[in-house]
Every structure is written in structure tokens, then in C-alpha cells.
2 protein chains.
Amino acid sequence: MNKLRGRPRGNPPTRARIAEAARGLFLRHGYRGTTLRAIAAEACVDSALISYHFGSKQGLFGEVTQLQCAESLALSTVLAGDPAGLPDRLLRAVTDLWDDTEFNRLAVQNEDVMRVFREYLESEVLGRIAEYLGGPDATERAIAAVTVIGGLIFTRYLNPLPATARLSAADVHRILGPTLRVALQSRPRYALAGRR
Amino acid sequence: MNKLRGRPRGNPPTRARIAEAARGLFLRHGYRGTTLRAIAAEACVDSALISYHFGSKQGLFGEVTQLQCAESLALSTVLAGDPAGLPDRLLRAVTDLWDDTEFNRLAVQNEDVMRVFREYLESEVLGRIAEYLGGPDATERAIAAVTVIGGLIFTRYLNPLPATARLSAADVHRILGPTLRVALQSRPRYALAGRR
DNA sequence: TCTCCATATTCAATGTTGATGAATAAATTA
DNA sequence: TAATTTATTCATCAACATTGAATATGGAGA
């Protein structure tokens with residue numbers, strides 16, 4: 001920080017260095033856990049420079065995050081093949097992306113709601129559904145069901161997508177009913193060879 | 001504020017009043033948008049009293065939130081009937097709960113990640129899937145698929161449930177494949193099925 | 001009833017935080 | 001070369017959550 005005032009010599013890529021430092025810190029400590037001063041220190045820069053370049057902390061975060069989103073999930077490949085294999089390809093794309101990159105770590109743990117909601121979903125909903133179903137694959141069926149339900153809650157309420165949120169309850173029932181029914185079905189594992 | 005120092009006469013339920021005020025403000029303005037000072041003002045109390053009673057802002061929020069969770073989703077009723085009707089009853093319970101109560105408003109909009117993620121899910125994933133599917137009910141099928149995918153992302157990555165998160169990618173594919181397949185299927189209700 | 005301690009409350013201060021405006025120096029343009 | 005635009009530091013701000021000190025009441029035991 002003991003640098004000179006005024007514009008520095010050359011055209012150092014300071015802005016990029018800030019974004020890089022921010023990305024690392026956001027990944028490690030989440031949004032709230034990362035202060036502008038920490039980013040500035042990491043980038044060896046005065047913290048005011050961040051506001052200058054990115055407008056605000058949210059602006060910086062948005063830029064760093066959107067960069068990640070742009071790189072993510074190459075949908076073209078997924079949508080290129082035959083319709084029959086689409087489910088598999090979609091699932092594979094999602095898990096490949098999220099398992100391998102650091103993208104998921106950008107998910108700021110919303111330390112408050114998220115924890116409560118997770119515990120509730122896990123112990124109450126999932127546990128009791130599995131108990132109700134019984135049988136050897138009860139847990140797996142419950143997981144599938146919780147996924148659909150969690151997806152509904154997430155895309156309709158927690159973080160409403162307009163297309164989903166503006167449906168009536170009846171439409172939601174009609175559209176998701178068959179899906180949830182299949183999720184809850186027992187899927188005999190070794191009965192059929194099937195392809196992967 | 002112009003009150004006397006020291007313990008007040010009688011045993012006024014100040015703690016409860018604070019919780020009540022906090023609940024209202026959290027509902028209206030979310031977690032970050034609600035300051036301890038605002039809660040204190042609403043409850044006609046010094047803001048230091050909140051730290052005294054609840055330890056911290058998070059402590060207060062946790063108490064208010066957990067109260068809501070306890071009241072929510074009467075699973076017993078859902079699990080009481082015949083297995084065949086379970087999907088419908090589950091869906092109904094979820095939508096009834098979340099449509100009618102204020103519970104969903106406690107979902108602190110994680111103003112940062114959530115917005116980006118929502119826009120991405122809506123415009124990229126949902127839009128392109130619907131475009132790919134084509135046909136009259138493409139949007140509905142895309143919504144169902146996005147729900148499953150969003151549920152997977154949410155319960156496995158964003159807010160990982162242990163049971164779901166510790167699965168291998170292959171297990172995820174196996175368990176959710178049939179579900180997603182059905183979500184993507186055309187569901188002819190009033191007309192004959194035509195693929196694609 | 002008197003004494004003491006735990007409890008409830010206000011007040012004042014502290015240390016962070018994100019942001020802003022002024023000063024300054026290099027780059028760029030005319 | 002002169003003027004303007006851009007990049008940077010410094011000093012400061014207001015808001016925030018939290019903490020410590022001061023003070024007054026409630027309740028338990030004599």
C-alpha cells in the first residue's frame with residue numbers, strides 16, 4: 001500500500017488482478033465473508049480502486065459470477081444428440097459441471113435460511129418419506145422425490161423463475177405430477193441390462 | 001428511547017415484542033435489509049437489548065425462522081392416505097403451504113447469487129430446452145425438467161443435503177434418470193400424443 | 001422487611017464495513 | 001506541447017453490529 005499516488009507507469013492489468021483476487025476470496029469465504037479491504041489487500045491495491053473499477057461490491061461479484069456462468073454448461077452439446085438420450089446427457093452435463101469446477105463454491109451459503117431449510121428437508125421430509133416407502137431402495141426413491149420437491153420449492157418460491165412462479169397451483173400439480181410419481185417408483189436395479 | 005435506565009417496572013414481555021417486530025421486518029425487507037436499529041425502533045427498545053436477549057442478529061433470525069419451520073407442512077396428513085395418491089398429496093401440501101403462508105417470504109433473497117442463477121436458469125436452461133422440445137406443451141415440459149434439474153442443483157450443490165450430496169454421479173444418474181425422462185415427456189391430456 | 005445478587009434496560013463507545021470526494025500522476029488525444 | 005481522460009492513493013463518511021459500563025428493578029433468603 002506504500003505505493004505512489006496517481007496513475008502508475010505502464011498499463012498494468014490491475015482490474016483483472018482485482019477480479020482474480022476477488023474470485024479466489026469469494027470462493028473461499030463466500031460473499032459476505034469477503035470484504036473489499038481483503039480483496040484490495042490481496043490485489044495490493046487501495047480498496048477505493050474497487051469501487052472505481054466495478055462500481056460496488058455487488059458489481060464486482062456480478063462480474064466474477066457471470067463470467068463463471070458463461071463458461072458453464074455447454075448446452076449445445078447436450079442438445080445435439082437424439083431426444084431419447086436427452087435426460088442422460090442433461091444429467092451428465094449438470095453433474096460434470098458442478099462436480100468438477102469450483103462453480104458450486106460460488107454459492108454463497110445463505111448462512112441463515114439455507115441451514116434451517118436444509119435440516120428441515122433432510123431430517124423431516126426425506127427421512128419420513130423413506131420411512132413411509134419402506135423396502136430396500138426407499139432412500140433412493142425418497143432422494144428422487146426430495147429432489148423434485150426441492151426443485152419446485154427452489155424454482156417457484158425461494159428463487160422464483162417467472163415461468164414457474166406464475167403457474168397456478170393446479171398447473172403445477174398437472175405438470176409435475178407424473179414426474180414426481182416416477183421419482184417415487186421403485187426402480188428394480190438389476191432386473192434389466194439397459195444402457196448407460 | 002426517552003425511557004429511563006435500568007430495569008423497567010413490572011415484567012413487560014419485551015423479548016417477545018422484539019421477536020414479533022423482527023419477524024415483521026424480516027418478512028418485509030429480508031435479512032440484510034433489516035437492521036437491528038430498525039427492529040429496536042419498531043419495538044421501542046435500545047438496539048443493544050437485542051444482542052443481550054438473542055446474542056446476535058443471526059441468533060434472532062434463527063429463532064424467528066425456526067418458529068416458522070416448526071409450523072410448516074403437516075406431513076402426517078400427507079402420508080396418511082394410499083400410496084397411489086401420494087404424489088398429488090405431496091404436491092398439494094407443498095403448494096398449499098407455500099402459496100398461503102408468508103413462509104416463502106422469509107427466504108432471504110440472496111441478492112447476489114440468486115439473481116444471477118435465476119436469470120441463467122430461466123433464460124438459458126429453460127428457454128433453450130423449450131425451444132429444443134418444440135410443440136404445444138414444450139414450455140410445460142421444460143418447466144418440469146427445470147424443476148428436476150433445479151432441485152438437483154439445489155439439494156446437491158447449492159444447499160447440499162448429506163444424503164444427496166454423498167451420492168456418486170453415477171448414482172445420481174441412475175436415481176434421477178427415469179424422473180427426468182418423465183418430466184420431459186409429452187403428457188397428452190386432451191389430445192393424442194405426438195412426439196416432438 | 002432488609003440485603004444481595006441476578007436480570008433487564010439505556011447509554012456511550014468501538015471496530016468494521018462499503019462508499020465517496022479530493023488530490024495526484026500517468027496515458028492519451030488534439 | 002497543451003488539454004483531457006484515466007488510474008490510483010488518501011482521508012473521510014455514515015451505517016452497522018456488537019460490547020462494556022452504568023443503573024434500576026425483581027426475586028430469594030435472612
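Below, read A as the first sequence line, B as the second, and so on, with proteins coming before strands; counting in each chain starts at 1.
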**Q** Which nucleotide, D:dG26, C:dG18, C:dA8, lies nearest any side-chain atom of B:Asn11?
**A**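 In terms of side-chain proximity for B:Asn11, the closest of D:dG26, C:dG18, C:dA8 is D:dG26.
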**Q** Nearest whole angstrom, please: distance from the P of D:dC10 to the CZ of A:Arg37.
**A**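 One finds 13 Å between P of D:dC10 and CZ of A:Arg37, rounded.
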**Q** Any base atoms under 4.0 Å from B:Ser51, or only sugar-phosphate, or nothing? Heavy atoms, all strands.
**A**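 If one applies the 4.0 Å heavy-atom cut-off, B:Ser51 turns out to touch a base.
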**Q** Are any side-chain N or O atoms of B:Thr155 and backbone N or O atoms of A:Gly150, one a donor and one an acceptor, separated by less than 3.5 Å?
**A**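 Such a contact is absent between B:Thr155 side chain and A:Gly150 backbone.
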**Q** Atom CZ of A:Arg9 to atom C1' of D:dT6: distance rounded to whole Å?
**A**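 Rounding to the nearest Å, CZ of A:Arg9 and C1' of D:dT6 are 16 Å apart.
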**Q** Between D:dA22 atom P and B:Arg7 atom CZ, what is the distance in whole Å?
**A**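 It works out to 20 Å between those atoms.
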**Q** Check whether any side-chain N or O of B:Thr35 sits under 4.0 Å from OP1 or OP2 of D:dA15, and answer yes or no.
**A**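 Result: no.
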**Q** Please name all residues satisfying side-chain contact (heavy atoms from CB on, under 4.5 Å) with A:Pro13, sequence neighbours left out, ordered by chain then number.
**A**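 Applying side-chain contact (heavy atoms from CB on, under 4.5 Å) to A:Pro13 gives A:Ala16.
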**Q** Do the side-chain N or O atoms of B:Ser56 get closer than 4.0 angstrom to the phosphate oxygens (OP1, OP2) of D:dA17?
**A**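 B:Ser56 to D:dA17 OP1/OP2: no side-chain N or O under 4.0 Å.
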**Q** Provide, to the nearest angstrom, the distance between the CZ atom belonging to A:Phe54 and the C1' atom belonging to C:dA19.
**A**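 Taking atom C1' of C:dA19 as the reference, CZ of A:Phe54 is at 16 Å.
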**Q** Quick check for you: among C:dA8, D:dT8, D:dA21, whose closest atom lies nearest to any side-chain atom of B:Pro8?
**A**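 Ranking C:dA8, D:dT8, D:dA21 by closest atom to the B:Pro8 side chain puts C:dA8 first.
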**Q** B:His53 side chain N/O closer than 4.0 Å to the phosphate oxygens (OP1, OP2) of C:dT7?
**A**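 Negative; the distance criterion is not met.
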**Q** How many Å lie between CG on B:Asp46 and P on C:dT7, as a whole number?
**A**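 About 20 Å, once rounded to whole Å.
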**Q** Please pick, from C:dT9, C:dT10, D:dT9, the nucleotide with the shortest atom-to-atom distance to any side-chain atom of B:Arg5.
**A**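 The nucleotide sitting nearest to the side chain is C:dT10.
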**Q** Taking all heavy atoms of A:Ala144 and all of B:Thr179, pick out the closest pair and write down the distance.
**A**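 Result for this residue pair: CB-OG1, 4.2 Å.
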**Q** Take atom CG of A:Leu49 and atom P of C:dG18, then tell me their distance rounded to the nearest Å.
**A**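 In whole Å, C:dG18 P and A:Leu49 CG are 15 Å from each other.
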**Q** Categorize B:Ser47 for me: base, sugar-phosphate, or nothing, with a 4.0 angstrom heavy-atom threshold over every strand shown.
**A**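 Here B:Ser47 touches the bases of the nucleic acid.
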**Q** Taking NZ from A:Lys57 and C1' from D:dC16, how many angstroms apart are they, rounded to a whole number?
**A**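 Checked: the NZ to C1' distance equals 13 Å.
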**Q** What's A:Leu36 touching, base or sugar-phosphate or nothing? Going by heavy atoms closer than 4.0 Å.
**A**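 Sugar-phosphate, backbone atoms only, no base.
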**Q** Do B:Ile175 and B:Leu167 touch side chain to side chain, with heavy atoms closer than 4.5 Å?
**A**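 They are in side-chain contact.
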**Q** In terms of side-chain heavy atoms of A:Ala48, which of D:dA22, D:dT18, D:dT9 is nearest?
**A**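 Nearest to the side-chain atoms of A:Ala48, counting from C-beta on, is D:dT9.
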**Q** Under 6.0 Å from the six-membered ring centre of A:Tyr52 and within 45° of its axis: does the NZ or CZ of A:Arg15 meet both?
**A**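 No, cation not above the ring by the 6.0 Å, 45° rule.
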**Q** In this structure, how many angstroms lie between the C1' atom of D:dT8 and the CD1 atom of A:Ile50, rounded?
**A**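 Atom-to-atom, A:Ile50 to D:dT8, this comes out as 13 Å.
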